[in-house]
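First the structure, in the form of structure tokens, and then the observations on it.
Computation of the quantities below employed the complete heavy-atom set of this structure, encompassing side-chain atoms and omitting hydrogens, waters and symmetry-equivalent molecules. Each residue takes its place number in the sequence, starting with 1.
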Amino acid sequence: MKYNLNFNDVAESYLFAEVADRVAKYSKANPDKKVIKLGIGDVTLPLVPEVIKALHAAVDDMAEKETFKGYGPYEGYSFLRDAISDYYKKMGVALEEGEIFVSDGAKSDLGNILDIFDKDNVVLVPDPVYPVYVDTNVMAGRKVLFADASEQNGFLPMPDYSVDADIIYICSPNNPTGAAYTEAQLKEWVDYANSKNAVILYDAAYECFITDNSLARSIFRIEGAKTCAIEFCSLSKIAGFTGTRCGYTIVPHALEKDGMNANKLWLRRQSTKFNGVPYIVQRGAAAVFSEEGMKQIQNNLSYYKRNAQIIAECLDELGIPYTGGNNSPYVWLKCPRGMSSWEFFDYLLFNAQVVGTPGAGFGRNGEGYFRLTAFGSRENTEEAVKRIQLLLK
């Protein structure tokens, strides 16, 4: 028996586990101090009434022989896939039902999708980057290249044709930087991927925060994307499903290479390793896309968008450079006074009892930067901003 030796190349501690450990130690030593957490991107508002109503109705279905559901379709129930398809139609994107796969979240699928690709593929990810993109490929033994995202390019790296990549990760709006690609910029990535016979793994988990019409909410708005892209999305942020777990992945029928079809491969993988999302959860998810559900959800999204504005206004007043805050729930700021990411983390924790996420945890280019999230409560966000202003003025 041998363990997977590639795990030796993965950071021993997951970024957010390290943050939680430091906060726990501080809180234990200072029980009288109220710590405000604006680090992890977990939502704080409850599920909207329309979703709760659908969940209750689905529970009742499970209590009657005539409406009881056992194993469901591996791709998800048609009522939910139809609802997702209608949602995309409103963005100007036409999808076929067989291209939509319901899952328990984008994070899972972003890692699991790698099962359909050979381990010899070269992977290109932006730096800084959501750690899951890198770690899952390192675990599989793939070569990972980095596209520099920096203040100079607005944290939006563009294709370099001298680089040969097979799998390309794009997250827009980006986690952690909050930067978002325009449709024109995404067209360059699509052209690059098609020319290299590569695939783009497009993380659209935060598309619901986009209000600027020049920014893309789906890569399938771009001509040529269906021959080179797979899109992942989650209901965690748009509908607060972080504890309910539901998302979806779109694998176009047109995505083929060497006589093998990505859509068929993904269905085969899912039917082998995944038993599907519970019927009850899928009923709640379908309510998200209903007219009343979407109306209620927009109120929640407005709440978080205002939180982001409050954080951004604070940084404007302090003269601290940042990206995000608009079209994104994240604010990515430059650490003041030349502090490193973890120095600033400790400085905020010990002097203001505010927790964020050190940029260094997202990659080499994240050093010297810091991420704050808008998913806290309004009360905590306003209090955190007051503490930061008082500390940094």
4.5 Å side-chain heavy-atom contact, Val35 and Val23:
yes
Could you tell me whether the side chain of Glu343 reaches within less than 4.5 Å of the side chain of Cys335, counting heavy atoms only?
no
Over 12 non-hydrogen atoms of neighbours within 6.0 angstrom of NZ in Lys187:
yes
Report yes or no: do Val102 and Val288 belong to one cluster of Ile/Leu/Val/Met/Phe/Trp/Tyr joined by side chain heavy-atom distances under 4.5 Å?
yes
Verdict with reasoning, Leu333 to Leu372, per side chain to side chain contact (heavy atoms under 4.5 Å, CB included)
CA-CA 8 Å; Leu333 63 106; Leu372 294 172; 3.6 Å; yes
Please check if the side chain of Asn275 supplies one atom and the backbone of Tyr71 the other of a donor-acceptor pair under 3.5 Å.
no
Would you call Glu96 and Arg81 a salt bridge, taking side-chain N to carboxylate O under 4.0 Å as the test?
no
Any side-chain donor paired with an acceptor under 3.5 Å for Asn112 and Ser108?
no
Modelled atom types, side-chain donor and acceptor of Thr177 and Asn174, under 3.5 Å
yes
Heavy atoms, side chains only, cut-off 4.5 Å: are Phe375 and Leu45 in contact?
no
Do Gln270 and Glu75 pair up side chain to side chain, a donor and an acceptor below 3.5 Å, judged on atom types alone?
no
Of all heavy-atom pairs linking Ala285 and Cys246, the shortest is CB-SG, 3.8 Å
Any Lys/Arg nitrogen of Asp164 or Lys196 sitting under 4.0 Å from an Asp/Glu carboxylate oxygen of the other?
yes
Mind checking the CD-OG1 spacing from Gln282 to Thr244? Nearest 0.5 Å is all I need.
13.0 Å
Are Ile280 and Phe68 connected, step by step, through hydrophobic side chains (Ile, Leu, Val, Met, Phe, Trp, Tyr) whose heavy atoms are closer than 4.5 Å?
yes
Does Ile219 offer a backbone N or O that forms a donor-acceptor pair with the side chain of Glu231 under 3.5 Å?
yes
Non-hydrogen atoms of Gly92 and Arg221 that approach each other most closely
CA-NH1, 4.0 Å
State, yes or no, whether a side-chain contact exists between His253 and Lys264 at a heavy-atom distance under 4.5 Å.
no
Is it true that, when you exclude Arg378 itself, more than 12 heavy atoms of the residues, nucleotides or ligands shown sit nearer than 6.0 Å to its CZ?
yes
Looking only at atom types and distance, does a side-chain atom of Asp258 sit under 3.5 Å from a main-chain N or O of Met260, one as donor and one as acceptor?
no
Lys/Arg-Asp/Glu bridge criterion (N-O < 4.0 Å) met for Arg142, Asp118
no
Gln298 versus Tyr303, side-chain donor and acceptor atoms under 3.5 Å
no
Donor-acceptor pair, side chain of Ser341 and main chain of Pro358, under 3.5 angstrom
no
Ile40-Tyr26 co-clustered via ILVMFWY side chain contacts under 4.5 Å
yes
Check this for me: Tyr161, atom OH, are more than 12 non-hydrogen atoms of other residues, nucleotides or ligands nearer than 6.0 Å?
yes
No-hydrogen, no-angle side-chain donor-acceptor test under 3.5 Å, Asn365 and Asp148
yes
What distance separates Ile310 CD1 from Leu315 CG, expressed to the nearest 0.5 Å?
12.5 Å
Asp166 side chain to Val122 main-chain N or O, any donor-acceptor pair under 3.5 Å?
yes
Check for me, please, whether Ile170 and Ile167 land in the same ILVMFWY cluster - side-chain distances under 4.5 Å, paths through other members count.
no
What verdict does the side chain to side chain contact (heavy atoms under 4.5 Å, CB included) test give for Ser340 and Glu367, after you've listed the backbone C-alpha separation in whole Å, the side-chain angles of each residue and the deciding distance to 0.1 Å?
CA-CA 6 Å; Ser340 71; Glu367 179 56 84; 3.3 Å; yes
pair Met294-Glu50: side-chain heavy atoms closer than 4.5 Å:
no
Are Glu382 and Lys386 ion-paired here, with the side-chain N under 4.0 Å from a carboxylate O?
no
So, the side chain of Ser236 versus the backbone of Arg245: is there a donor-acceptor pair under 3.5 Å, distance only?
no
Tell me if a side-chain donor or acceptor on Asp203 pairs with a main-chain N or O of Cys233 at a distance below 3.5 Å.
no
Between Asn6 and Ala140, what is the shortest heavy-atom contact and its length?
ND2-C, 3.7 Å
Would you give the length of the straight line joining atom CD1 of Ile168 to atom OH of Tyr133, rounded to the nearest 0.5 angstrom?
13.5 Å
On the six-membered ring of Phe274, is Arg269 placed so that its NZ or CZ lies under 6.0 angstrom from the centre and within 45° of the ring axis?
no
Salt bridge or not between Lys34 and Glu383? Use side-chain N to carboxylate O under 4.0 Å.
no
Below 4.5 Å, heavy atoms only, C-beta onward: do Tyr130 and Lys107 meet side chain to side chain?
yes
Kindly give the heavy-atom pair with the smallest separation between Leu392 and Ile320, and that separation in Å.
CD1-CD1, 3.7 Å
Which heavy atom in Pro131 sits nearest to a heavy atom in Gly361, and how many Å separate them?
CG-O, 4.0 Å
Calculate, to the nearest 0.5 Å, the distance between atoms CZ and CG belonging to Phe117 and Leu114 respectively.
7.5 Å
Heavy-atom donor-acceptor pair, Asp109 side chain to Phe232 backbone, under 3.5 Å:
no
For the side chain of Thr357 and the backbone of Gly39, is there at least one donor-acceptor N/O pair under 3.5 Å apart?
yes
Apply side chain to side chain contact (heavy atoms under 4.5 Å, CB included) to the pair Ile222 and Glu183, showing each step before the final yes or no.
CA-CA 7 Å; Ile222 311 303; Glu183 292 193 0; 3.8 Å; yes
OG1/Thr67 to NZ/Lys69 distance, rounded to the nearest 0.5 angstrom?
6.0 Å
N-O pairing of Lys90 and Asp86 below 4.0 Å
no
Counting the benzene-type ring for Trp, do Tyr77 and Tyr279 have ring centres under 6.0 Å apart?
yes
Pair Tyr330, Tyr206: side-chain N/O donor-acceptor within cut-off below 3.5 Å
yes
Do Tyr248 and Leu201 belong together in a cluster built from hydrophobic side chains that touch within less than 4.5 Å?
no
Measuring only between side-chain heavy atoms, which start at C-beta, is Val129 closer than 4.5 Å to Tyr169?
no
Under 3.5 Å, is there a donor on one side chain and an acceptor on the other for Glu292 and Ser290?
no
Could you tell me which non-hydrogen atom of Gly224 sits nearest to which non-hydrogen atom of Asn194, and how far apart they are?
O-ND2, 3.1 Å
Applying the side-chain contact (heavy atoms from CB on, under 4.5 Å) criterion to Ile100, which one of Val251, Thr249, Leu95 satisfies it?
Leu95
Are Ser302 and Arg306 close enough that a side-chain donor and a side-chain acceptor fall under 3.5 Å?
no
For this output row, return yes or no: ring centroids of Tyr369 and Phe155 closer than 6.0 angstrom.
yes
salt_bridge(Asp42, Lys37) N-O dist < 4.0 Å
no
So, taking the atom named CZ in Arg217 and the one named CE in Met91, what distance separates them when rounded to the nearest 0.5 Å?
4.5 Å
Asn175 (side chain) donor-acceptor with Cys171 (main chain) under 3.5 angstrom:
no
With a 4.5 Å limit on heavy-atom distance, are the side chains of Phe370 and Met339 in contact?
no
